[in-house]
Amino acid sequence: MPDAAPHPVRVLAMMNQKGGVGKTTTTVNLAAAIAEQGRRVLIVDLDPQAHASLHVGVEDDDLPTVYDLLHEPEMGVRECIREISPNLHIVPAETDLAAVETELAGQPNRNARLAKALSDETLGYEFVLLDCPPALGLLTLNALSAAQEVLIPMQAHFLALQGVSKLLETVGLVRDQLNPILRVAGIVLCMHDAQTSHSKEVVADLERFFESQRSTKTAWSSARVYRPPIRRNIKLAECPSFGQSIFDYAPWAPGAVDYRKLAETIVAEWDRALAAAKASDLSEAEIRVLRGSLSSKPHARVE
Ligand SMILES: Nc1ncnc2c1ncn2[C@@H]1O[C@H](COP(=O)(O)OP(=O)(O)OP(=O)(O)O)[C@@H](O)[C@H]1O
Ligand SMILES: [Mg+2]
């Protein structure tokens, strides 16, 4: 859960340097599920493959994209947004985005361009989901600089575990050098087969590891393995070719059920975090009042 008194927009980066693990599927369908709950959601497609853009049916339309947003410091984010449904919007990508890595090399603040663009508090989104490419370059660094939290989509395979420790290390470095509030929210298990003993062992390993980190000061000290895991479901693989989320394509398929439940968890933990932040503000105010009244009495002691 986010720390107390965060910015009221929850910005989540779907990150895993490994390809084909479910980053884009999770970005699009989690975003659509959150939007279904009446929350305003923005997707930012940071992958030159533009898979998230295609998944929601946005094709080349000659309007500004995330390429322009990163390239032109003066470009407003609103000009780059397309509406998918009333609560769901996207800043799409285009293949030119691959060039941004070299074009911005040596430019000041090149890793913070997206963070600056999204800092406009009047945009009115409650959730922003960033779809990262499968590489740790300028695009992913922009995502990690703009996000408060990282969600790691992965498959429960032994080799993927080793990738996770490298990934956590990277998030730690980015937190130290670029974004001090960045933390790992947790892991979303994708294409999951709960029946195999191998996947059960991997999930148990992950949970043991995160439990052992609770008292550390790492970026992943409060990370969790999200429930439910997203089952392998062919409907999830089919819907991108129709430019639809699973909720438009097959709203009661297992993939839709799983992403809907995951969205409920993500929204509920954010609501709880905001309520806690509000409550702690109030009690701080009460403490201040109490201290004020005590210190006005000459011999009162404040413990
Ligand atoms: N739960 C699932 N069940 C079945 N197929 C899935 C599921 N999740 C993802 N897929 C399919 O697996 C493939 C890879 O998924 P996806 O594109 O989301 O991964 P990615 O991590 O974004 O890949 P890349 O690293 O290339 O960006 C896609 O064809 C997608 O449709
Ligand atoms: Mg992808």
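Order of appearance sets the numbers: ligands from 1, and atoms from 1 within every ligand.
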Starting from [atom], locate the nearest protein heavy atom and write down its residue, its atom name and how far away it is, to 0.1 Å.
| atom | answer |
| --- | --- |
| atom 28 (C) of ligand 1 | Thr25 OG1, 4.7 Å |
| atom 3 (N) of ligand 1 | Asn233 N, 2.8 Å |
| atom 5 (N) of ligand 1 | Ala237 CB, 3.8 Å |
| atom 25 (O) of ligand 1 | Lys23 NZ, 2.8 Å |
| atom 26 (O) of ligand 1 | Gln49 NE2, 3.2 Å |
| atom 1 (N) of ligand 1 | Arg231 O, 3.0 Å |
| atom 24 (P) of ligand 1 | Gly20 N, 3.5 Å |
| atom 17 (O) of ligand 1 | Thr24 CB, 4.0 Å |

What atoms in ligand 1 come closer than 4.0 Å to a heavy atom of [X]?
| X | answer |
| --- | --- |
| Leu236 | 1 (N), 2 (C), 31 (O) |
| Gly19 | 25 (O) |
| Val21 | 19 (O), 20 (P), 21 (O) |
| Pro134 | 25 (O) |

**OP:** Determine, for Tyr125 and Arg40, whether the Lys NZ or Arg CZ falls below 6.0 Å from the six-membered ring centre while staying within 45 degrees of the axis.
**Re:**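 Positive - Arg40 is close enough to the ring of Tyr125 and near enough to its axis.
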**OP:** Assess Arg224 against Tyr226: is NZ or CZ under 6.0 Å from the centre of the six-membered ring, and within 45 degrees of the ring's axis?
**Re:** yes
Anything under 3.5 Å between a donor and an acceptor, one on a side chain of residues 63-72, the other on a protein residue two or more places apart or in another chain? List them.
from	atom 1	to	atom 2	distance (Å)
Thr65	OG1	Tyr67	N	3.1
Thr65	OG1	Glu94	OE2	2.6
Tyr67	OH	Glu103	OE1	2.8
Tyr67	OH	Glu103	OE2	3.4
Asp68	OD2	Thr65	N	2.8
His71	NE2	Glu103	OE1	2.8

Subject >> Nearest heavy atoms of His198 and Ala156, plus distance in Å >> reply: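 Smallest interatomic distance, heavy atoms only, reads CD2-O, 3.8 Å.
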What I'd like to find out is whether the side chain of [X] reaches to under 4.5 Å of the side chain of [Y], using heavy atoms alone.
| X | Y | result |
| --- | --- | --- |
| Glu238 | Tyr249 | yes |
| Arg113 | Pro73 | yes |
| Val44 | Val128 | yes |
| Gln17 | Pro134 | no |

Original post:
With respect to His55, which candidate in Val28, Thr27, Ile90 satisfies the side chain to side chain contact (heavy atoms under 4.5 Å, CB included) definition?
Top reply: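 By the side chain to side chain contact (heavy atoms under 4.5 Å, CB included) criterion, His55 pairs with just one of Val28, Thr27, Ile90: Val28.
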**OP:** Give the contacting part of Asp47 toward ligand 1: side chain, backbone, both or neither, where contact means a heavy-atom distance below 4.0 Å.
**Re:**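 Side chain only.
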**OP:** Test Thr24 against Asp131 for side-chain hydrogen bond (donor to acceptor under 3.5 Å, both in side chains), laying out the working first.
**Re:** CA-CA 6 Å; Thr24 302; Asp131 188 22; 2.7 Å; yes
Without placing hydrogens or testing angles, list every side-chain donor-acceptor pair under 3.5 Å for residues 251-260, not counting sequence neighbours.
from	atom 1	to	atom 2	distance (Å)
Asp258	OD1	Arg231	NE	3.3
Asp258	OD1	Arg231	NH2	2.8
Asp258	OD2	Arg231	N	2.9
Asp258	OD2	Arg231	NE	3.0
Tyr259	OH	Thr26	OG1	2.9
Arg260	NE	Glu36	OE1	3.2
Arg260	NH1	Pro251	O	3.4
Arg260	NH2	Pro251	O	2.9

**OP:** At a cut-off of 2.8 Å, list the protein N/O/S atoms near the Mg ion (ligand 2), residue plus atom name.
**Re:**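 As for protein N, O or S atoms lying under 2.8 Å from the Mg ion (ligand 2), they are Thr24 OG1.
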Subject >> Heavy atoms from other residues, nucleotides or ligands near CD of Gln195 exceed 12 (cutoff 6.0 Å) >> reply: no
Within-cutoff protein neighbour (heavy atom, under 4.0 Å) for [atom]:
| atom | value |
| --- | --- |
| atom 21 (O) of ligand 1 | yes |
| atom 9 (C) of ligand 1 | yes |
| atom 30 (C) of ligand 1 | yes |

Subject >> Cationic N near anionic O, under 4.0 Å, Glu269 to Arg10 >> reply: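 Arg10 and Glu269: salt-bridged.
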Subject >> salt_bridge(Asp120, Arg78) N-O dist < 4.0 Å >> reply: yes
Subject >> Non-neighbouring partners of Arg227 that pass side-chain contact (heavy atoms from CB on, under 4.5 Å), sequence neighbours left out >> reply: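 Partners of Arg227 under the side-chain contact (heavy atoms from CB on, under 4.5 Å) test: Val203, Glu207, Val225, Pro229.
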Original post:
Between Gly22 and ligand 1, does any nitrogen or oxygen pair lie at a separation below 3.5 Å?
Top reply: yes
Original post:
Is the shortest distance from a heavy atom of Met191 to ligand 1 less than 4.0 Å?
Top reply: yes
